[in-house]
Amino acid sequence: MGVGIIGIGTVVPPRVLTNYDLEKMVDTSDEWITIRTGIKERHIADSNVNPSDLGAEAALRALKMAKVEPEEVDLIIVTSASLEMIFPSMAAVIQNKIGAKNAGGFDLLSACTGFVSSLITGAQFIRSGDVRTVLVIGTEVLSRFVDWEDRNTCVLFGDGAGAVVLREVGDGYGLISWDLKLDGSGADLLAIPGGCAKNPCSEEVLKNKLHYIKMNGREVFKFSVRVLGETTEESLKKAGLTPADLDWLIPHQANIRIIEAGAERLGIPIDKVAINIHKYGNTSTASIPLALEELVLEGKIKDGDVLALVGFGAGLSWGSAVLRWKNIES
Ligand code: COA
C-alpha cells in the first residue's frame with residue numbers, strides 16, 4: 001500500500017532574531033555565523049507561546065491543505081527536541097487544541113531525527129490497515145533550551161513547527177523505503193543533560209547550566225556529514241535506486257556546510273537540495289517539513305518525483321525516508 005503526504009503545514013513565530021542582533025548579545029559576527037553555518041536569521045517564540053501552540057497551528061494548516069477534518073484523524077504523533085512537559089504528552093495537548101476528538105497518539109522522541117522517525121512510524125500504522133489518517137507534527141521552542149551566553153550554540157537554533165497528514169496515496173506513490181540508525185556511544189556529544197531523572201532540577205544543575213544544550217560542535221559536524229550520505233544511500237539502495245534517481249534531497253537544516261558536503265559526497269547537484277537554513281536556523285524536528293513545504297508551495301516538486309528526507313542529530317540518531325511524491329490536489 002502506498003502511504004504518503006496529503007497535506008503539509010508549517011508555522012514560525014513572527015519575532016526574528018538576526019545575526020546582527022546576536023552580535024549585541026555574544027562575541028560573534030554576522031560574517032562568522034554566515035560563513036560557518038549559512039544562517040542569517042531565526043525566529044524566536046514569545047514567552048507565552050509553547051511548542052504545542054506552534055504544533056497545533058501547523059497541524060491545522062496541514063489538515064486544511066489535506067481537506068481533512070480534525071475529527072477524521074486516527075493517530076497523532078508529535079516529535080520534539082524541546083518538550084513542553086515530561087508528561088502529559090504533547091500529542092494529548094495538541095489533540096485537545098485542534099479538536100481531534102477521535103484520535104489516539106503519542107510523542108516520539110528522537111531529537112533532530114524525530115520527524116523522519118515519526119513519518120516512517122505513522123506510515124506503518126496506515127500500512128497495517130488499522131488506521132486511515134495519521135497526523136505527524138514536529139514542533140520546537142528550542143530557544144528555551146539555548147544558553148544565550150554560549151556563542152558555540154546560541155547562533156544555531158530557532159523555533160518553528162511543521163506537520164503532515166498521512167494517508168493512502170495509491171500504488172507506487174508515498175513511502176518507498178527507509179533507514180533508521182542509532183549510536184548511543186555518542187550520547188554526550190549533543191545533549192540537554194539536566195532537568196530529568198539523571199540530573200534532576202537542582203541548584204547545581206542551574207549553576208552548571210545543564211538544562212541547556214551542550215554540544216561538541218566539531219564531532220557532531222563530522223558525524224552529520226558522514227551519516228547524511230550513508231543513510232540516503234542505504235534507503236535508496238533498499239528502493240533499488242541510486243543518488244542519480246533522486247529529484248530532491250530534503251535534509252535536516254543544521255548547517256549549510258553539512259548539507260553541501262553531504263550532497264557532494266552523494267554526487268547530488270546543489271539545485272536538487274532543499275535549503276532554507278538562512279531563514280530559520282536549526283529548527284530540529286520542524287526543519288524538514290519547513291523545507292519540504294517551501295518546495296511544495298513553489299510548485300517545484302512534480303508528481304512522481306523521488307524525494308529523500310534525511311534527519312540526524314542527538315542520540316546519536318539518524319535516518320532517511322525515500323518517497324515518490326503524489327501531487328496534492330488543490
Ligand atoms: N562566533 C565567533 N566565533 C565562534 C563562534 C561564534 N558564534 N562559535 C565558535 N567560535 C569560535 C570558537 O571558539 C573557535 O575559536 P578558537 O579557535 O579560538 O577556539 C573557532 O570559532 C572555531 O571553532 P570551531 O568549533 O572549530 O568552528 P567550526 O567551524 O566547527 O564551527 C559549528 C562551529 C558549531 C558551527 C560547527 O562545528 C557545527 O555546525 N557543528 C555541528 C552543529 C550541529 O549541527 N548541531 C546540531 C546537529 S542536529
Side-chain angles (χ1 to χ4, degrees), residues 17-42 79-82 109-118 138-140 142-143 145-160 162 180-184 186-193 212-232 250-263 273-278 280-291 309-320:
L17 186 75
T18 67
N19 292 348
Y20 298 106
D21 296 325
L22 281 165
E23 283 181 358
K24 294 176 204 140
M25 296 161 63
V26 288
D27 180 14
T28 191
S29 66
D30 169 59
E31 192 192 4
W32 192 96
I33 302 170
T34 306
I35 292 171
R36 300 287 180 118
T37 72
I39 301 165
K40 296 297 282 184
E41 57 188 38
R42 66 289 290 143
T79 183
S80 181
S82 42
L109 306 187
S110 192
C112 300
T113 312
F115 189 80
V116 170
S117 310
S118 299
T139 183
E140 303 292 349
L142 278 169
S143 57
F145 298 88
V146 164
D147 176 0
W148 290 103
E149 293 177 350
D150 176 12
R151 69 174 184 175
N152 290 295
T153 52
C154 77
V155 301
L156 298 175
F157 299 98
D159 300 338
L180 285 176
K181 294 281 182 333
L182 291 170
D183 179 7
D188 291 340
L189 295 178
L190 181 53
I192 300 174
Y212 290 138
I213 297 168
K214 304 283 179 198
M215 183 182 70
N216 179 332
R218 279 180 210 185
E219 288 306 315
V220 173
F221 187 96
K222 283 191 273 179
F223 149 78
S224 303
V225 171
R226 176 172 60 79
V227 300
L228 201 172
E230 276 178 15
T231 186
T232 307
I250 303 170
H252 169 45
Q253 309 282 306
N255 182 318
I256 189 71
R257 292 187 295 136
I258 294 173
I259 295 171
E260 286 171 351
V273 183
I275 297 172
N276 64 5
I277 187 170
H278 51 288
Y280 304 119
N282 179 344
T283 57
S284 191
T285 62
S287 86
I288 291 175
L290 275 166
L309 277 44
V310 189
F312 47 86
L316 299 167
S317 64
W318 64 100
S320 55

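Order of appearance sets the numbers: ligands from 1, and atoms from 1 within every ligand. Sequence positions, counted from 1, serve as the residue numbers for this chain.
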Contact residues of ligand 1, where a non-hydrogen atom lies under 4.0 Å away: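 Within 4.0 Å of ligand 1, the protein residues are Asp27, Thr28, Trp32, Arg36, Thr37, Cys112, Arg151, Asn152, Val155, Leu190, Met215, Gly217, Arg218, Val220, Phe221, His252, Ala254, Asn255, Arg257, Ile258, Asn282, Phe312, Gly313.
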Non-neighbouring partners of Lys40 that pass side chain to side chain donor-acceptor pair (under 3.5 Å), sequence neighbours left out: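 In terms of side chain to side chain donor-acceptor pair (under 3.5 Å), with neighbours along the sequence ignored, Lys40 is linked to Asp30, Thr34.
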Residues which pass side chain to side chain donor-acceptor pair (under 3.5 Å) with Ser143, listed by chain and number, not counting sequence neighbours: Asp159
Thr285-Glu140 side chain donor-acceptor pair, cut-off 3.5 Å: yes
Lys222/Glu219 ion pair, N-O < 4.0 Å: yes
Counterpart residues, salt bridge (Lys or Arg N to Asp or Glu O under 4.0 Å), relative to Glu41 (two or more places apart):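 Here no residue qualifies.
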Among Thr231, Thr113, Thr232, side chain to side chain donor-acceptor pair (under 3.5 Å) partner for Ser320: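 The residue from Thr231, Thr113, Thr232 that satisfies side chain to side chain donor-acceptor pair (under 3.5 Å) with Ser320 turns out to be Thr231.
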